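Computed from a predicted model, the values in this text were never measured in an experiment. In what follows, every chain begins at residue 1, and chains take the letters A, B, ... in the order their sequences are listed.
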Protein chains: 2
Amino acid sequence: MQLNRPAPLAIQVAKSLRKLLQRSEYITGGRLPSEPELAAQFGVSRGTIREALAMLEREGMIFRRHGSGTYVNKHALRIQARIEAALEFSELLRQAGFDASIQLVQAEIEPLPPDIASLLDTDTDTPALFVKKLFLADDQPAIYCIDVIPERLIQSPYTEEELQRPIFDFLKTHCNESVVNVWAEIIPEIAEEELTRLLEVDPCKPLIRLEEVSFNSLNLPILFSRVYYKDQFIRFSVLRKKV
Amino acid sequence: MQLNRPAPLAIQVAKSLRKLLQRSEYITGGRLPSEPELAAQFGVSRGTIREALAMLEREGMIFRRHGSGTYVNKHALRIQARIEAALEFSELLRQAGFDASIQLVQAEIEPLPPDIASLLDTDTDTPALFVKKLFLADDQPAIYCIDVIPERLIQSPYTEEELQRPIFDFLKTHCNESVVNVWAEIIPEIAEEELTRLLEVDPCKPLIRLEEVSFNSLNLPILFSRVYYKDQFIRFSVLRKKV
DNA sequence: GAGTGGTCTAGACCACCAG
DNA sequence: TGGTGGTCTAGACCACTCT
């Protein structure tokens, strides 16, 4: 059994601060205590505090003014789903305020087409597991997802029930793989035939399609996903930095 | 006149490393020198090196393995346009390999509708400058953009020619404002009427629409933008982190 | 001038990976 | 076992803002 080592101090501090920011007590005028004060309060060094604040700043929770202070960003409140965070779909829907459920559409072994094979650093026609799932928000279809895993990665037999659980769990359990990074392309799409039926939308309705390749800690591609999102249920946001 | 202070060491180091990574010399087997080695080579502390490497890791250029080393991420090469980087459109098109040109479609003062007024923390019907521009990639329409600036921010008269230049330049010159952050929503859209004409696409073609609010260093909203991208010219990527 | 965040350093100890 | 990246500290100096 693997023990949970304590999380780095900066992450613990960031988590504490996130909670404190949501209940906006102890902050007067949207301003946080100074770095030395926070360091004293948490009993850590200023460097650790700065690391925690840098995380919150990247998330858009706070902003900082040199010579003045650190402030709560009130404009961050409207945000629904941050695209940089690769969440389970069910979790995503839950955070957006819906009840989430999963419906397995199809699961089968098929040879990889050239485009996906290339993205997975694999030969064309290598057999792979294709899992098609529908995610319901309050019982209405919201997300349709096709996951593709090369069959050679799968090390133990699985049941149909297990395919309905998050694909990341499946990768952990049956492939002994953990996803660290996900590269995604953002593509606008028109619903057609199969999609209109599955997602129950009118023909010619716009959707967001994400084409994703998931990598493990060795930076090897282990999963390809093609995901369609209905804008009515999930709208992604992103904090862009001027360069 | 304002002098350019030297950039932070970590940023200079990151810039050097980016160049070195593109020409893949001096790296054997995709592995970078160790942190102490890099610190010695650049003549800076290990902390500064780690800060630079953290930037490159967030950009997806490298990945790191505890106890093993720092490696070049060969999968980062396919990337076109990173959505986290808020670039000028012309620069974006140029990086995607096109010749970029700008066409002013319309500029006028109009009262703010409620939705945009709310995003800009302003009262409905406040007068604002609406600038509509078309960005051409190799002389074909690729991006259509509507910029909205509250009129009260504009402090000096401007010419039509200046409206054709990047809006960030306009904000600097005539509003004395600099954009630091941009909050964006990613929305799938179907081209209709005006859009099909301006972007020269078939009706019912899918587009990416970004709805953006730009903030200055005091975190005050100063600009609203509604931007339509043709997927054939610009496709956004994002590096997502498993949470 | 006092206080804030921004930069940078040197040093320590640890967990992890490889031979 | 030696080298790697990961964490954490204390301290210094600077640039900036506010009053």
Colleague: Could you check B/E37 against A/G67 and say which one's nearest nucleotide on DNA chain D is further toward the 5' end?
Modeller: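 So the residue in question is B/E37.
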
Colleague: Report yes if a side-chain nitrogen or oxygen of B/S68 is closer than 4.0 Å to either non-bridging phosphate oxygen (OP1 or OP2) of D/dG5; otherwise report no.
Modeller: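 For D/dG5, OP1/OP2 do not have a side-chain N/O of B/S68 under 4.0 Å.
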
Colleague: Measure from CD1 on B/I62 to C1' on D/dT4 and round the result to the nearest Å.
Modeller: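 In whole Å, D/dT4 C1' and B/I62 CD1 are 14 Å from each other.
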
Colleague: Could A/R165 and A/E162 be called an ion pair, given the rule that one side-chain N must be under 4.0 Å from one carboxylate O?
Modeller: no

Colleague: Where the side chain of B/P36 is concerned, which of D/dG5, C/dG5, D/dT17 is the nearest nucleotide?
Modeller: D/dG5

Colleague: Considering only NZ, NE, NH1 and NH2 on the basic side and carboxylate oxygens on the acidic side, decide whether A/R240 and B/E212 come within less than 4.0 Å.
Modeller: yes

Colleague: Can you check whether A/S68's main-chain N or O pairs, donor with acceptor, with A/R31's side chain at less than 3.5 Å?
Modeller: yes

Colleague: Tell me the interatomic distance from B/R31, atom CZ, to D/dG5, atom C1', rounded to whole angstroms.
Modeller: 11 Å

Colleague: CG of B/L218 versus C1' of D/dC16: gap in Å, rounded?
Modeller: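 Answer to the nearest Å: 13 Å.
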
Colleague: Could you run down nucleotides 6-14 of chain C 5' to 3' and tag each one B, S or - for protein heavy-atom contact under 4.0 Å?
Modeller: BBSB--B--

Colleague: OP1, OP2 of C/dT4 versus side-chain N and O of A/S34: anything below 4.0 Å?
Modeller: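 For A/S34, the contact criterion (side-chain N or O under 4.0 Å from OP1 or OP2 of C/dT4) is met.
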
Colleague: Inspect the contact between A/R58 and A/E84 and indicate whether a charged nitrogen and a carboxylate oxygen are less than 4.0 angstrom apart.
Modeller: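 Salt bridge between A/E84 and A/R58, a charged N being under 4.0 Å from a carboxylate O: no.
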
Colleague: For the residue pair B/F215 and A/H75, does the interplanar ring angle fall in the parallel (under 30°), tilted (30 to 60°) or perpendicular (over 60°) class?
Modeller: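 B/F215 and A/H75: tilted rings.
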
Colleague: Could you check whether any side-chain N or O of B/R50 sits under 3.5 Å from a backbone N or O of B/E35, counting only pairs where one atom can act as donor and the other as acceptor?
Modeller: no

